[in-house]
Enquirer: 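Handing you a structure now.
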Number of protein chains: 2
Amino acid sequence: MKDSTGSKSMKMTPQRMAIMKYLDGNTYHPSAGDIYGALRDQFPTMSLATVYNTMEALKEQGVVIELSTDRGKKRFDPNPKPHHHLMCIKCKAIVDVFIEFPLTLPDAQTQGFEILGNRVDFYGICKSCSDEQKRMMETNQ
Amino acid sequence: MKDSTGSKSMKMTPQRMAIMKYLDGNTYHPSAGDIYGALRDQFPTMSLATVYNTMEALKEQGVVIELSTDRGKKRFDPNPKPHHHLMCIKCKAIVDVFIEFPLTLPDAQTQGFEILGNRVDFYGICKSCSDEQKRMMETNQ
DNA sequence: TACTAACTAATAATCATTCTAGTCAAGCAC
DNA sequence: GTGCTTGACTAGAATGATTATTAGTTAGTA
């Protein structure tokens with residue numbers, strides 16, 4: 001059913017064009033519900049499932065990246081020492097990164113906050129997922 | 001057990017000790033379900049709510065960190081425009097920060113990941129919470 | 001124009017999380 | 001010890017996000 005190389009071409013529909021237009025230039029990281037809500041006026045009969053389907057298709061095309069954990073699940077880190085994380089956007093593995101980034105926010109940007117620290121989440125594709133991707137492409141050609 | 005920030009100390013129970021033992025040294029960043037599943041044999045009658053309650057308590061104690069998104073929603077990134085967050089640890093308010101950080105991970109730290117992007121969360125205390133804190137201290141003295 | 005795979009809407013099912021109610025055990029005052 | 005208070009436990013209901021299913025519709029192509 002699915003073409004896992006992502007080379008499958010995507011059919012264009014009014015709903016999809018509206019979603020892509022909404023995403024284009026969007027500086028926020030919207031959830032499916034955000035997208036649905038923003039387009040409800042324009043497409044009152046659109047289904048939430050359509051948003052999810054479209055996001056799945058766009059992910060396969062590599063146009064958008066899904067930033068969250070598997071099914072949006074909470075994950076807990078028992079190490080209270082300040083450190084950062086690296087998450088695979090495919091298999092959702094999370095590994096620790098122990099390195100310090102001396103990040104400071106210009107006063108104009110702090111909006112009155114007293115900054116206590118920072119955490120950096122890197123996201124990307126882990127070795128085993130990128131290996132698998134390569135294997136799939138070879139098999140499919 | 002440490003009692004930072006004046007938070008109340010935590011009552012110890014067999015369930016809580018088992019959860020803490022499971023978490024100790026765990027680098028897998030387990031979800032609540034993972035923890036529940038891992039301790040099922042040992043505590044067949046334990047409720048998932050107990051896991052959530054315990055994690056909430058451990059978070060308050062500052063011994064674990066909760067990773068990932070608000071109320072378990074998926075987030076999509078349409079285009080990697082730099083955009084980070086500033087979160088108040090008191091009232092949980094989140095504001096956007098539009099600034100770019102040229103963060104790179106040394107090869108030795110990437111653990112084979114192909115890095116696609118990053119997100120920075122600053123945490124601190126927002127203006128209205130620190131104002132309130134000041135007011136409280138004045139009233140209390 | 002006709003065909004067909006891909007898409008849509010509606011809705012049911014599933015899953016993670018939170019909430020609620022009732023019970024139980026520990027610590028404390030009497 | 002008895003009764004009170006508090007916090008934690010279990011079970012299950014409620015909530016909200018996501019995924020799966022189904023039947024009808026449509027974009028893209030020959």
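Labels below follow one simple rule: chain letters A, B, ... track the order of the sequence lines, proteins then strands, and each chain is numbered from 1.
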Enquirer: Using a 4.0 Å heavy-atom cut-off, does B/Thr45 contact any base of the nucleic acid, only the sugar-phosphate backbone, or nothing at all?
Expert: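 If one applies the 4.0 Å heavy-atom cut-off, B/Thr45 turns out to touch the sugar-phosphate alone, with no base involved.
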Enquirer: Applying salt bridge (charged side-chain N to carboxylate O under 4.0 Å, His left out) to A/Lys127 and A/Asp131, what does each step give before you reach the verdict?
Expert: CA-CA 6 Å; A/Lys127 186 142 186 357; A/Asp131 284 354; 3.2 Å; yes
Enquirer: Aromatic contact between A/Tyr22 and A/Phe43, with the criterion being ring centroids under 6.0 Å apart: yes or no?
Expert: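 No, too far apart.
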Enquirer: Using whole Å, report how far CE of B/Met55 lies from P of C/dT18.
Expert: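 After rounding, the gap between these two atoms is 12 Å.
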Enquirer: If the cut-off is 4.0 Å, is B/Arg16 near the phosphate of D/dA8, judged by side-chain N/O to OP1 or OP2?
Expert: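 True: B/Arg16 side-chain N/O within range (under 4.0 Å) of D/dA8 OP1/OP2.
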Enquirer: In whole Å, I'd like the distance from the CD atom of A/Glu66 to the P atom of D/dA17.
Expert: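 In whole Å, D/dA17 P and A/Glu66 CD are 15 Å from each other.
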Enquirer: Can a side chain N or O of A/Gln15 be found less than 4.0 Å away from OP1 or OP2 on D/dT26?
Expert: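 No, A/Gln15 has no side-chain N/O under 4.0 Å of OP1/OP2 on D/dT26.
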Enquirer: OP1, OP2 of D/dT10 versus side-chain N and O of B/Thr50: anything below 4.0 Å?
Expert: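 So the side chain of B/Thr50 is within the cut-off, an N or O lying under 4.0 Å from OP1 or OP2 of D/dT10.
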Enquirer: C/dT17 C1' sits how many Å from A/Asp70 CG, rounded?
Expert: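 Atom CG in A/Asp70 sits about 15 Å away from atom C1' in C/dT17.
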Enquirer: Would you indicate, yes or no, if D/dC9 has its OP1 or OP2 atom less than 4.0 angstrom from a side-chain nitrogen or oxygen of B/Thr13?
Expert: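 Answer yes for this pair, as a side-chain N or O of B/Thr13 is under 4.0 Å from OP1 or OP2.
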Enquirer: Output the rounded distance in Å from OH (A/Tyr52) to C1' (C/dA12).
Expert: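 In whole Å, C/dA12 C1' and A/Tyr52 OH are 15 Å from each other.
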Enquirer: D/dG7 C1' sits how many Å from B/Gln61 CD, rounded?
Expert: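 Whole-Å distance recorded here is 14 Å.
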Enquirer: What's the CG-C1' distance between A/Leu48 and C/dA10, to the nearest Å?
Expert: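 Interatomic distance, CG of A/Leu48 to C1' of C/dA10: 12 Å.
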Enquirer: I'd like to know if A/Asp70 and A/Lys90 make a salt bridge, using a cut-off of under 4.0 Å between side-chain N and carboxylate O.
Expert: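 So A/Asp70 does not pair with A/Lys90 through a salt bridge.
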Enquirer: For A/Tyr36 and C/dT11, what is the distance between atoms OH and P respectively, to the nearest whole Å?
Expert: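 Interatomic distance, OH of A/Tyr36 to P of C/dT11: 11 Å.
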Enquirer: Map A/Ser31 and A/Asn53 onto DNA chain D by nearest heavy atom, then report which one ends up closer to the 5' terminus.
Expert: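 The answer here is A/Ser31.
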Enquirer: In whole angstrom, give the distance that lies between atom CD of A/Glu56 and atom P of D/dA20.
Expert: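 In whole Å, D/dA20 P lies 9 Å from A/Glu56 CD.
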Enquirer: Once the angle between the rings of B/His84 and B/Phe101 is folded into 0 to 90°, is it parallel (under 30°), tilted (30 to 60°) or perpendicular (over 60°)?
Expert: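 Rings of B/His84 and B/Phe101: tilted, as their planes differ by 30° to 60°.
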Enquirer: For the side chain of B/Ala49, counting heavy atoms from C-beta on, which of D/dG12, D/dT18, D/dG28 is nearest?
Expert: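 Out of D/dG12, D/dT18, D/dG28, the nucleotide with an atom closest to B/Ala49's side chain is D/dG12.
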Enquirer: What's the closest nucleotide to the A/Pro14 side chain, out of C/dC7, D/dA27, D/dT10?
Expert: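 Among C/dC7, D/dA27, D/dT10, the one nearest the side chain of A/Pro14 is D/dA27.
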Enquirer: Taking only side-chain nitrogens and oxygens of B/Lys74, does any of them come within less than 4.0 Å of OP1 or OP2 of D/dT19?
Expert: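 Yes, B/Lys74 has a side-chain N/O under 4.0 Å of OP1/OP2 on D/dT19.
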Enquirer: Would you say A/Lys11 reaches C/dC7's phosphate, i.e. side-chain N/O to OP1/OP2 under 4.0 Å?
Expert: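 Looking at the OP1 and OP2 atoms of C/dC7, neither is under 4.0 Å from any side-chain N or O of A/Lys11.
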Enquirer: A/Glu66 side chain to A/Lys59 main-chain N or O, any donor-acceptor pair under 3.5 Å?
Expert: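 No; judged by distance alone, with no hydrogens or angles, the pair does not exist.
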